[in-house]
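Structure first, commentary second.
Note that the numbering runs from 1 along the sequence shown for the chain. Since the structure is predicted, the reported quantities are computational estimates derived from the model, not experimental observations. Just so you know, ligand 1 is whichever comes first in the structure, and atom 1 is the first atom listed for that ligand. These numbers come from the heavy atoms of this one structure, side chains and all, not from hydrogens, waters or symmetry mates.
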Amino acid sequence: MQIEDYIKAGKIAGEVRENVRKKDWIGKTVAEICDYAESEIIKRGAKCAFPVNTSLNEIAAHYTAEPNDTKTVSDSDLIKIDLGAQINGYIADTAVTVNYNQEHDSLVQAAENALEAAMSMIKSGVKSKDVGRKIQNTIQDMGFKPIANLSGHSLDQYTIHAGKTVPNMWSIGSFDFSENEAYACEPFVTAKNGLGFVRNGKVKNIFALSSRKRTKDDEADKVQEYIWNNFNMLPFALRWLLNEWEEKEARRLLDILIKKKVVKAYAILVEASGKTVAQAEHTFIPNQTGVTVTTIG
Ligand code: MN
Ligand code: MN
């Protein structure tokens with residue numbers, strides 16, 4: 001585990017998240033948000049660990065801007081902006097909910113409080129199920145519901161979901177947090193009368209390599225090579241291919257790679273009853289007395 005790189009990536013991601021939080025996004029498009037946050041990450045000397053997610057209202061996660069996406073933030077929207085920086089593949093993953101709808105102020109507060117409660121109880125040896133219970137209780141005590149099928153995760157070099165699940169609810173399976181691992185914790189919260197889980201939506205605009213093999217299409221194999229060289233196994237967006245390929249051609253080649261199962265496409269995740277979802281997220285490394293939050297900002 002390369003602690004220095006986790007810390008560097010975390011400082012950058014945290015700073016960018018705080019800048020994103022302060023800005024007024026009303027009237028701006030999701031493409032502008034992605035461009036802003038992604039260029040701020042690069043400007044500070046990191047790479048993007050994944051396309052910035054700009055998930056509005058009932059979309060919980062995994063929406064990123066299409067090229068020239070005109071989806072615009074209104075003064076009644078709530079938007080989750082989830083961003084990642086990486087240094088040598090060591091990732092900082094963090095998110096903020098920017099909210100323009102007063103009705104949802106306490107929903108956002110519940111996500112923030114749950115994350116805070118988790119950060120203050122974790123140290124090496126703490127059980128993940130106890131953290132899940134703490135997050136769940138914090139959210140329920142404020143009159144809301146955690147999203148049951150979304151959770152945090154362990155991180156590894158060039159791997160966002162490295163195998164362990166940091167739950168947002170009490171769960172039967174559990175592991176002990178270790179000083180030798182980085183994790184992301186990310187409570188997702190919705191209304192008490194929501195279903196409290198997400199389902200896949202129709203839109204898929206985040207992709208990642210899933211296996212590396214030749215496709216018998218030279219141009220598609222060039223795209224595959226480009227993805228590997230620039231993003232490794234980390235997620236990417238169609239937008240990120242447009243320096244090299246024209247949009248229509250990039251889409252066609254990406255479709256070939258998806259059909260050949262070289263690339264997988266992630267569906268957006270939508271709250272099953274259409275209720276608004278808030279999120280907060282930090283990356284951290286446990287120690288004997290607490291945690292180092294790498295994305296403190
Ligand atoms: Mn995230
Ligand atoms: Mn995450």
Counting only protein N/O/S atoms, those under 2.8 Å from the Mn ion (ligand 1) total 4
Within less than 2.8 Å of the Mn ion (ligand 2), any N, O or S from His161?
no
Is there any ring pair (Phe, Tyr, Trp, His ring centres under 6.0 Å) pair reaching into residues 277-297, and which pairs are they, with sequence neighbours excluded?
Phe177-Phe284, Tyr183-Phe284
Tell me the ring pair (Phe, Tyr, Trp, His ring centres under 6.0 Å) pairs involving residues 184-228, sequence neighbours left out?
Phe207-Phe236, Tyr226-Trp245
Under a 3.5 Å cutoff, is there a donor and acceptor pairing between the side chains of His153 and Asp93?
yes
For a quick check under 3.5 Å, do Thr64 and Asn205 share a side-chain donor-acceptor pair by atom type?
no
Answer yes or no: is there a side-chain heavy-atom contact under 4.5 Å between Arg239 and Glu38?
yes
Salt bridge (Lys or Arg N to Asp or Glu O under 4.0 Å) pairs, two or more places apart, involving residues 104-118:
Arg21-Glu112
